[in-house]
Amino acid sequence: MFDLDGTLLDTMTLTPAAYCAAIRARGGGEVSPEEVIAAWHVGPTPAVLAHFLGRPVAGDDVECFYSNFEAAAAAVRPFPGVVEMVDELAAGFRLGIFTSAARRVAELALSAAGLGGRFAAVICGDDAPPKPSPAGLRLACRRLGVDVSATTYVGDALVDIQCARRAGATGIHARWGATAALDDAPLVADHPVDIVDRLVRPPSRRNDS
């Protein structure tokens with residue numbers, strides 16, 4: 001199981017910029033990308049917009065964000081090594097995503113990055129409470145037909161590690177896309193190939209590489 005933004009996809013400048021533009025256009029004033037990233041845990045797009053606008057959001061508010069994101073989506077790319085990691089893991093694992101992003105954003109980003117249809121379960125912020133709640137991760141495991149205790153959840157943020165712990169899964173900090181180091185992450189991957197090394201390759205192959 002994977003987080004999306006900052007883990008599989010390099011969207012940590014594009015998505016916050018789309019939020020900042022939408023918040024400004026809808027009367028919310030100036031907000032920094034760092035402030036947006038810090039507030040992602042509140043939930044999917046409507047919740048994030050409401051947080052900064054200080055009022056209930058309407059359809060026009062949400063559409064404003066989507067129009068800004070769609071204009072930039074063509075530039076969404078997976079982090080180096082992610083495609084190779086997904087290809088190798090797909091040979092022996094059931095793969096899924098649990099992201100706080102709204103489904104419309106997640107599907108658009110996955111398609112733009114060439115990863116659409118590669119994951120058997122994609123649970124979004126529309127489907128479950130925001131992390132660190134374990135509900136979305138557990139839902140993804142049920143859809144995949146796997147025990148959450150036999151699942152690894154890879155993410156770049158502290159809430160991902162907390163989510164994995166609360167669900168009873170193994171959490172791995174994806175440090176290749178992280179904006180900050182985590183003291184509360186017992187397992188760390190500096191590059192996507194490290195995930196393959198841990199889950200697929202036997203110790204002999206690791207030592208020979």
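Atoms considered below: every heavy atom in the structure, side chains included; atoms not considered: hydrogens, waters and symmetry mates.
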Evaluate the side-chain proximity of [Y] to [X]: yes if any heavy-atom separation is below 4.5 Å, no if none is.
X      : Y     : result
Thr152 : Phe93 : no
Phe65  : Val57 : no
Glu30  : Arg24 : yes

Could you pull out every donor-acceptor pair under 3.5 Å between side chains of residues 16-23 and any protein atom, sequence neighbours left out?
unit_1	atom_1	unit_2	atom_2	d
Tyr19	OH	Thr45	OG1	3.1

Gap between atom [atom2] of [Y] and atom [atom1] of [X] - 0.5 Å precision:
X      : Y      : atom1 : atom2 : answer
Leu14  : Phe69  : CG    : CZ    : 7.0 Å
Asp147 : Arg138 : CG    : CZ    : 11.0 Å
Ile123 : Leu4   : CD1   : CG    : 13.0 Å
Ile97  : Thr7   : CD1   : OG1   : 10.0 Å
His173 : Asp3   : NE2   : CG    : 10.0 Å
Thr15  : Asp5   : OG1   : CG    : 4.5 Å

Which pair of heavy atoms, one from [X] and one from [Y], lies closest together, and at what distance?
X      : Y      : result
Pro44  : Gly125 : CG-O, 3.5 Å
Ala121 : Arg143 : CB-CB, 4.2 Å
Gly145 : Arg94  : O-NH1, 3.3 Å
Ile195 : Leu89  : CG2-CD1, 4.1 Å
Pro192 : Met85  : O-SD, 3.6 Å
His41  : Pro130 : O-CB, 2.9 Å

Apply side-chain contact (heavy atoms from CB on, under 4.5 Å) to [X] and list each qualifying residue two or more places apart in sequence or on a separate chain.
X      : value
Arg26  : Leu53, Arg55, Asp60, Asp61, Cys64
Leu115 : Leu9, Pro78, Val82, Val83, Leu110, Arg118, Phe119
Ala169 : Leu137, Val148, Thr151, Ala164

Query raised in the report: Could you go step by step and tell me if Trp176 and Asp194 meet the side-chain contact (heavy atoms from CB on, under 4.5 Å) rule?
Result: CA-CA 10 Å; Trp176 63 80; Asp194 297 336; 6.0 Å; no
Please answer: with hydrophobic residues joined when any side-chain heavy atoms are less than 4.5 Å apart, are [X] and [Y] in the same cluster?
X      : Y      : result
Tyr66  : Val31  : yes
Val159 : Ile172 : no
Met12  : Val48  : yes
Leu199 : Tyr153 : no
Leu139 : Val146 : yes

Side chains of residues 98-109: which donor-acceptor partners sit under 3.5 Å, not counting sequence neighbours?
unit_1	atom_1	unit_2	atom_2	d
Thr99	OG1	Ala101	N	3.0
Arg103	NH1	Val122	O	3.3
Arg103	NH2	Val122	O	2.7
Arg103	NH2	Asp127	OD2	2.6
Arg104	NH1	Glu63	OE2	2.8
Arg104	NH2	Glu63	OE1	3.3
Arg104	NH2	Glu70	OE2	3.2

Report task. If a pair satisfies salt bridge (Lys or Arg N to Asp or Glu O under 4.0 Å) and one of its residues is in residues 171-182, list it, with sequence neighbours excluded. Result ->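 For residues 171-182, and leaving out neighbouring residues, the salt bridge (Lys or Arg N to Asp or Glu O under 4.0 Å) pairs sorted by first residue read Arg175-Asp190.
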